[in-house]
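Working notes, beginning with the structure itself.
Atoms within each ligand, like the ligands themselves, are counted from 1 in listed order.
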Amino acid sequence: MQTSRRHFLGFVAATSALGIAGFPSLAFAARKHTLMPLGYDESALQPVISGKTIGFHYGKHHLGYLNNMNRLLEAKPALEDLSLAAITQHAWEQQDMALFNNAAQVWNHDFYWQSMTPKAGTTPSASLHDAIKDSFGDMKTLRDAFHQQAMQQFASGWAWLVRGADGRLAVTRTPNAQTPMTEKGVTPLLTIDVWEHAYYLDYQNRRADYVDAVLDKILNWDFASANFEKA
Ligand code: MN
């Protein structure tokens, strides 16, 4: 017992002194990223989005992307200490699409859950409201343009309200996992997930009804305002 313990401590000391991987399971123990808390009950966005949809969307789809990302990161110790945002940026720059698709989907979903709120009547801050007036004219024009982007995204993807590199607000859309957070100088303010898994249980093929309900009833203007102030 005594001998084997001394032997073990000696081994650890030796690997520490070398500072390298004599003991791969310790040296390369990748930091596991964890699922962001939802911030509200799974049924809190009803009737716009059912608890059943969020149960699958957050508990299965989002978690699946997170688990895939953690598994891929085990083979990439250089990325161990990076934030989720930095991993997403890095994977996009390297066009490491397996890692990008999963990391970006984790980032996008974190952003999506915060883009919606059960709190009624959130409104843009004064400065965000001024920017909306400058860029779109009024809220109704922004709302309709956002809706159009969500409808024009063919197949899976995302619709976004962003502050562009020129400082003006814009609505845009991205396919699959792609995300404006990888674009230099662009700050996402809000997003709507338009993958079918986001709405099919509640709305089947009626994406327009899902987008209308999100835009008009649960969009989180407190979150948009906070993102705008940080930009
Ligand atoms: Mn989704």
Could you tell me whether the side chain of Asp202 and the main chain of Ile49 form a donor-acceptor pair under 3.5 Å? no
From His62, His57, His197, His61, residue fulfilling ring pair (Phe, Tyr, Trp, His ring centres under 6.0 Å) relative to Tyr112: His57
Can you check the number of protein N/O/S atoms within less than 2.8 Å of the Mn ion (ligand 1)? 4
For Met36, what residues pass the side chain to side chain contact (heavy atoms under 4.5 Å, CB included) criterion, not counting sequence neighbours? Asp110, Trp113, Gln114
Applying ring pair (Phe, Tyr, Trp, His ring centres under 6.0 Å), which residue pairs with at least one partner in residues 212-231 are found, sequence neighbours left out? Phe111-Phe223
For residues His109 and Trp195, establish whether the separation of their ring centroids is below 6.0 Å. no
Could you pull out all residues at least two apart from Asp222 that satisfy side chain to side chain contact (heavy atoms under 4.5 Å, CB included)? Lys119, Thr122, Asn220
